[in-house]
Structures are given as structure tokens and as C-alpha cells.
Amino acid sequence: MKIPRTWLHLLGAALLPLTAHSATVDVDIKLISADALEVSFALPEHCTALAFLKDERGGQEIRAAWQKQNDCATAEGDLLKSAGACTARFRVPATMQKISGYPGSFPAPGGMYVHSSNYALADSCGPVRYRYLAPDIVMDGQRYRDTASANAATGGDTAAMLMLAPQTSTSLDYFDPRLSAATVAQIREVADGTISYLSQQLPLARFTRPVIAAIAASEPGGPNVGGDASNILRLTLFNWPQVQGPDEKSKLTLLVSHEFSHRFQLRDAVDVYPDARLINEGGGEFLRWLTSVQQGWLTRQEAAAQLDKALAECILYTEGKSWRALTPRQIGSQRLEYLCGLPAYVYSLAERQGPGTALARFDRFYHQLRQGQVPDFAQALECGDMPACKPQVLPALLTSTATMEQQWNEVLPKTGLATLRTPSQGLRDRMVLRAVVKLMVDDCAGRSGTTETPEGIILDGMTVCKSIHKDSYATSIEGHPVFGDAGTGPAMTNACLARHEVAFGLKDGGRLVVPCQTPYQMRTAFYAIDIDRALSQLLRE
């Protein structure tokens with residue numbers, strides 16, 4: 001059939017974008033100094049706008065720190081806008097601030113931890129290729145010199161350690177020279193122990209050992225930890241002492257075992273579930289918790305205390321809402337995927353129906369995901385392969401319209417695994433903190449910002465506040481120490497009811513008075529697990 005010239009013209013025009021889209025976009029991530037990267041985007045002709053995959057508020061806040069090095073393109077909103085046929089270059093400062101997902105330029109002595117997700121682009125202009133440039137590069141379990149190209153399938157989701165000088169160590173692991181030998185030894189011991197135990201208990205899992213990057217850092221407050229579990233398993237130890245006390249040792253064991261436990265899960269495969277964050281982080285916490293008991297890193301009493309604390313804070317921080325009524329931001333800001341996730345796993349698996357250990361049930365769920373199936377989460381954990389079985393715990397906790405507190409009060413008495421007890425001093429301190437946050441929210445147009453310290457609490461000053469105009473370091477409340485005193489909570493309640501205000505004593509000798517219309521509800525009892533019975537049920541065949 002003869003095609004008219006007009007149609008040939010239109011057909012040729014229609015093919016132009018397709019031709020442009022067949023080009024590639026090259027993303028180079030280069031270490032240029034101890035405190036900065038240069039990230040460049042080589043854009044083909046006709047490629048005028050490309051979407052960043054890390055989008056919305058978090059992505060935009062990250063890119064706000066980027067500094068343009070030429071006039072090729074601008075990062076506007078969630079788009080990289082350009083005239084095309086040029087290479088856009090940005091200086092990306094090193095930062096310890098983790099805004100969204102994996103950090104993109106986390107500094108370490110001699111180099112930097114980087115993650116390409118912070119620079120990842122959509123493929124609407126063609127395939128996107130990612131490359132790292134530095135004298136020494138560790139990526140995907142290999143060491144490279146000068147240049148390393150990321151795997152095409154996972155290039156936009158790749159971690160690497162970039163170093164300013166070639167490394168001579170035979171190990172790919174990175175340990176900050178500021179960390180003590182005892183700290184490094186503990187990291188190795190817990191990593192190896194977690195791998196050994198879970199490899200045996202989860203035989204269906206496909207485990208690949210990640211490279212460790214343990215980094216010392218500083219932030220306001222006392223010793224604390226943070227991390228990520230990609231192929232470079234980042235462990236950050238804030239304000240870390242050379243000689244660890246019991247609290248530091250406990251935090252380090254928790255961090256290392258939790259992050260290594262994640263390597264036995266599938267992060268991306270659970271993204272299809274509405275409760276993906278709880279499934280992933282709660283699951284990591286459950287594996288870490290049970291492994292720590294079985295390896296002797298936690299006594300049964302310590303394990304019970306950790307679980308009870310997580311459940312109590314889950315109840316406190318959901319603040320009268322059902323799980324479904326909480327927004328992702330509310331869940332993330334209060335770490336509810338961890339706090340509610342751990343007890344949800346423990347109690348639901350302890351109450352599972354049918355044969356097999358709790359870890360065998362866990363293993364089977366992830367095996368089904370690896371086979372491309374999408375099993376019902378509650379059914380898989382509580383019922384396994386029994387189709388006539390009806391799960392009892394997870395549906396009540398995660399899909400009911402009643403508050404989380406109401407649902408726990410409904411579920412736990414039926415299990416016989418927990419009883420109500422008066423709160424520990426630690427939980428009284430949590431309630432004091434929640435009461436301070438409520439005061440701030442009421443005073444600061446719904447916003448709050450606090451930092452706990454060994455001596456008290458720092459209240460962030462904000463322009464929207466009526467009373468808290470500058471950062472205020474409180475060391476006492478109504479004449480009582482902020483934390484560690486059973487009388488602090490009742491004193492706050494009494495002051496609110498009697499004077500409609502609460503007085504803070506400040507570290508600099510000053511005094512801050514904040515209005516209070518209704519007092520925070522101080523709870524008089526929380527659930528405590530029967531740890532021996534619960535572990536017996538979790539471990540039964």
C-alpha cells in the first residue's frame with residue numbers, strides 16, 4: 001500500500017521523541033574532597049525534564065543543599081529541568097543528616113558513604129547509567145580503583161564507600177579509626193553471631209553478607225546509634241565513648257543485629273503491602289530480639305523489658321488513633337513501625353496456629369515472596385498453609401477502626417501472655433516526655449521539637465510558639481528532675497489543673513513557663529509479658 005507523503009511526514013515527527021528516548025542519561029557520582037561530591041547528569045538532546053525518583057518533601061529538602069556548578073540544568077521541585085544536550089554538575093556537601101531513605105553523602109574519615117537513590121532519575125529520556133569515581137571504591141562486594149559502574153538493573157539503588165586514597169586492607173569492611181578496638185570487636189561478634197543463628201533458622205533465605213561501614217559521628221545528646229542495611233551496611237555511632245558502658249553495649253548489639261537481620265528479609269517485595277514499613281522494620285526487630293535471646297546477648301528479663309517498653313510506647317505514641325488512621329509521616333516520626341511492629345510479631349507468632357516454629361513461619365512467608373507470590377501477611381504468620389484457619393491478632397491490631405490501645409486491651413487478655421503492671425520509671429519518663437510534647441504542640445501551632453540529654457531535655461524555640469521563643473535546655477519541671485523522678489508527671493498534672501501552666505527550670509538558671517489548658521493523661525498500668533511462656537510458644541515445633 002502506498003503511504004501519502006503527509007502521513008510519512010507525521011510518522012517521522014512521531015518517531016522523533018522515540019529516537020530521543022533511545023539515548024542514555026549518565027549519572028556520575030565523584031568524590032572531590034573530604035566534605036563534598038560532584039554529581040553530574042549527562043543529558044541527551046530533547047531531554048528537557050527528568051523526574052527525580054526521590055521526590056516530594058524529603059527529596060526536595062535533600063536537593064536544596066545542592067550547589068549548581070554550571071548553567072546546564074536546575075533542580076526544581078521533583079524535576080531536573082534542562083535545555084538538553086549538556087552535562088549538569090552539582091556540588092553536594094557531605095552531611096550526616098538523614099532526611100529521607102538512605103543518606104546520600106555521609107562523611108567518614110578518609111572518604112564518604114554514598115547511595116545513588118538520592119540522585120536517581122526516571123528513565124523517560126532513556127536508560128540511566130550510574131558510575132562512581134574515586135581513588136578507592138567499594139560497591140556490590142568488590143573493590144575498584146578510580147571508576148566503578150553500577151549494575152544496570154539496580155544502579156539507582158546502590159550504596160558505595162568512596163575513599164580519597166587507595167586502601168591496602170584485604171577486608172572490604174570500613175571501621176572508623178576513632179572507634180575503639182573493643183567496639184570493633186563487638187560489631188564483628190554480633191554480626192557473625194546473627195548471621196550464624198539466622199542462617200540456621202531460616203534455611204530458605206538467600207543471604208549475602210554486606211560490607212560493614214562503621215562510622216563515628218557527633219550530634220546533640222548522649223551516645224546513640226543509626227544505620228542502614230543495603231549492600232554497604234552503614235552503622236553510625238554518635239558521641240561514642242572509647243570505653244563502652246552497659247547502655248552503649250546494649251545499643252550497639254541492638255543496632256548490629258537489627259541491621260544484619262534485615263539481610264534475611266526482602267525490602268522491595270513487601271512494598272506492595274499497606275503495612276510494608278511495619279512488616280519490614282517490625283520483622284527486623286523481631287529477628288534481632290529473638291536472635292539476641294538465643295545467642296545470650298539479652299537475658300530473658302532484658303528481652304521482656306525491651307518488648308514491654310516497645311508495646312507501651314506503641315500505645316503512648318499512637319495517641320488515641322487506630323493503626324489505619326495514622327499517616328506515614330506520623331508512623332515514621334515516632335518510629336511506630338518498630339515500636340508497634342515488634343510486639344505485633346511476637347504476640348501474633350506466639351499465638352500462631354498449626355505446627356512449626358515462629359521462625360519457620362517467618363521463613364515460609366519470605367520464601368513465598370521470593371517465588372513471586374503475595375501471601376496475606378496475617379494469614380501467613382498466624383495460619384501458615386491452613387486455609388480454614390482465621391488469624392486473630394494481626395487483623396485486630398492493623399485493620400480495626402478502634403484505637404491501638406483499645407485493640408491491645410482486647411487482644412492481650414485472650415492470649416494469657418501478658419498482665420497489667422504499674423509503670424517502670426522508664427515509662428514514667430516516656431510519659432513526661434509525651435506531656436512536654438503536648439505542651440509544645442499546644443503552644444507552637446501543632447509543632448514540637450525536643451532532644452533528650454542525660455541532664456534533661458532541650459525544647460526547640462520556634463517563631464510559631466507563643467512562649468517557647470528560643471531553644472530552652474530544661475533540667476527540671478515544677479521543681480523535679482525532668483527524668484528519673486516518680487513525682488515529675490504528677491507535678492505537671494497538678495500544675496496544669498491548679499495554675500493552667502507548667503514551669504521549667506533551665507540549665508542556664510532561667511525559668512520558662514508554658515501555658516497548659518488540659519493535662520496529659522498519665523497512665524497507671526502497662527502490659528508485661530510472661531517471657532518464659534511466650535518464648536516457649538515461639539520456639540515450639
Side-chain angles (χ1 to χ4, degrees), residues 221 308-323 325-327 329-336 339-340 402-409 420-453 455-462 464-469 471-506 511-528:
D308 294 344
K309 180 174 182 288
L311 175 57
E313 293 184 356
C314 169
I315 290 171
L316 290 176
Y317 295 173
T318 50
E319 296 185 327
K321 294 183 176 66
S322 71
W323 184 256
L326 294 163
T327 66
R329 184 172 180 81
Q330 289 171 328
I331 291 171
S333 65
Q334 300 294 347
R335 303 183 76 250
L336 295 176
L339 299 176
C340 299
T403 69
M404 284 293 282
E405 184 169 9
Q406 290 170 334
Q407 284 308 308
W408 282 113
N409 287 336
L420 286 168
R421 297 182 189 172
T422 56
S424 65
Q425 184 57 49
L427 288 177
R428 291 191 180 98
D429 289 344
R430 293 301 92 195
M431 288 188 283
V432 167
L433 177 60
R434 298 314 300 161
V436 172
V437 169
K438 182 182 185 301
L439 285 174
M440 289 198 73
V441 167
D442 292 345
D443 191 67
C444 303
R447 298 172 60 185
S448 67
T450 60
T451 302
E452 296 174 69
T453 75
E455 297 179 75
I457 186 170
I458 301 171
L459 287 68
D460 295 347
M462 293 175 276
V464 295
C465 297
K466 300 173 185 174
S467 307
I468 310 169
H469 302 302
D471 290 356
S472 302
Y473 193 159
T475 55
S476 69
I477 304 176
E478 290 294 324
H480 296 263
V482 175
F483 301 127
D485 190 319
T488 306
M492 293 181 74
T493 299
N494 293 337
C496 184
L497 292 172
R499 307 194 318 269
H500 298 295
E501 64 181 26
V502 174
F504 294 83
L506 305 182
R511 187 169 180 266
L512 173 68
V513 177
V514 181
C516 178
Q517 296 305 313
T518 56
Y520 176 81
Q521 179 188 353
M522 299 286 175
R523 290 163 178 80
T524 58
F526 292 93
Y527 284 100

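Starting from 1, each residue takes its place in the sequence as its number.
- Contact of the Ile468 side chain with the Met440 side chain is registered, since non-hydrogen atoms from C-beta on lie closer than 4.5 Å.
- At distances below 3.5 Å, not a single donor-acceptor pair connects side-chain atoms of Ser448 with backbone N or O atoms of Val441.
- At least one side-chain heavy atom of Val436 sits less than 4.5 Å from a side-chain heavy atom of Ile477.
- Contact record, Gly456 with Tyr473: N-CE2, 4.3 Å, taken as the closest heavy-atom pair.
- Thr451 pairs by the side-chain contact (heavy atoms from CB on, under 4.5 Å) definition with Pro220, Ile458, not counting sequence neighbours.
- With sequence neighbours excluded, the residues that form a salt bridge (Lys or Arg N to Asp or Glu O under 4.0 Å) with Arg499 are Glu478, Glu501.
- Remark: Tyr317 pairs with no residue by the side chain to side chain donor-acceptor pair (under 3.5 Å) rule, at least two apart or across chains.
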* For Leu439 and Cys516, run side chain to side chain contact (heavy atoms under 4.5 Å, CB included): C-alpha distance rounded to whole Å, both residues' side-chain angles, the deciding distance at 0.1 Å, then the answer. => CA-CA 6 Å; Leu439 285 174; Cys516 178; 3.6 Å; yes

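- A heavy-atom distance below 4.5 Å is found between the side chains of Val514 and Phe504.
- Using a 4.5 Å heavy-atom threshold, the side chains of Met404 and Cys314 count as touching.
- Here the closest non-hydrogen pair linking Thr488 and Pro481 is OG1-O, 2.7 Å.
- Every residue two or more places apart in sequence or in another chain that forms a side-chain contact (heavy atoms from CB on, under 4.5 Å) with Asn409 is listed here: Glu405, Tyr527.
- Taking all atoms of both residues into account, the shortest heavy-atom contact from Pro423 to Ala525 is CD-N, 4.1 Å.
- Salt-bridge formation is not detected for the pair Arg335/Glu313: no Lys NZ or Arg NE/NH1/NH2 atom is positioned less than 4.0 Å from an Asp or Glu carboxylate oxygen.
- Between atom CD1 of residue Ile315 and atom CD of residue Gln407 there is a gap of 11.5 Å, rounded to the nearest 0.5 Å.
- Taking the side-chain contact (heavy atoms from CB on, under 4.5 Å) definition, one finds that Arg447 meets it with Met462, Val464, sequence neighbours left out.
- The minimum heavy-atom distance between Asp429 and Gly484, with the atom names listed, is OD1-N, 2.9 Å.
- To the nearest 0.5 Å, atom CD1 of residue Ile331 and atom SG of residue Cys340 are 8.0 Å apart.
- In terms of heavy-atom proximity, Ala402 sits nearest to Ser322 at O-CB, 2.9 Å.
- At least one side-chain heavy atom of Tyr520 sits less than 4.5 Å from a side-chain heavy atom of Arg434.
- Side-chain contact between Leu336 and Gln330 is absent, with no heavy-atom pair separated by less than 4.5 Å.
- Residues Leu512 and Leu506 meet the side-chain proximity criterion, which asks for heavy atoms closer than 4.5 Å.
- Looking at every heavy atom in both residues, Ala486 comes nearest to Gln425 through N-OE1, 3.4 Å.
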* **Test side chain to side chain contact (heavy atoms under 4.5 Å, CB included) applied to Leu433 and Ile457, step by step** => CA-CA 8 Å; Leu433 177 60; Ile457 186 170; 3.2 Å; yes

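- Remark: Lys466 pairs with Asp443 by the side-chain contact (heavy atoms from CB on, under 4.5 Å) rule, at least two apart or across chains.
- Under the salt bridge (Lys or Arg N to Asp or Glu O under 4.0 Å) criterion, Arg428 pairs with no residue at all, not counting sequence neighbours.
- Expressed to the nearest 0.5 Å, how far CZ of Arg421 lies from CG of Leu427 amounts to 12.5 Å.
- By the side chain to side chain donor-acceptor pair (under 3.5 Å) test, Gln521 is found to be paired with no residue, residues two or more places apart in sequence or in another chain being considered.
- In this structure Asp308 satisfies the side chain to side chain donor-acceptor pair (under 3.5 Å) test with no other residue, sequence neighbours excluded.
- A salt bridge links Arg430 and Glu452; the closest N-O separation between the charged side-chain nitrogens and carboxylate oxygens is under 4.0 Å.
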* To do: Decide yes or no on side chain to side chain contact (heavy atoms under 4.5 Å, CB included) for Leu316 and Arg523, but give the supporting numbers first.
  => CA-CA 9 Å; Leu316 290 176; Arg523 290 163 178 80; 3.3 Å; yes

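- In this structure, the salt bridge (Lys or Arg N to Asp or Glu O under 4.0 Å) partners of Asp442, at least two apart in sequence or on a different chain, are Lys438.
- Remark: Trp408 engages no residue in a side chain to side chain donor-acceptor pair (under 3.5 Å) (not counting sequence neighbours).
- No donor-acceptor distance shorter than 3.5 angstrom exists from the side chain of Ser476 to the backbone of Gly479, with no hydrogens or angles considered.
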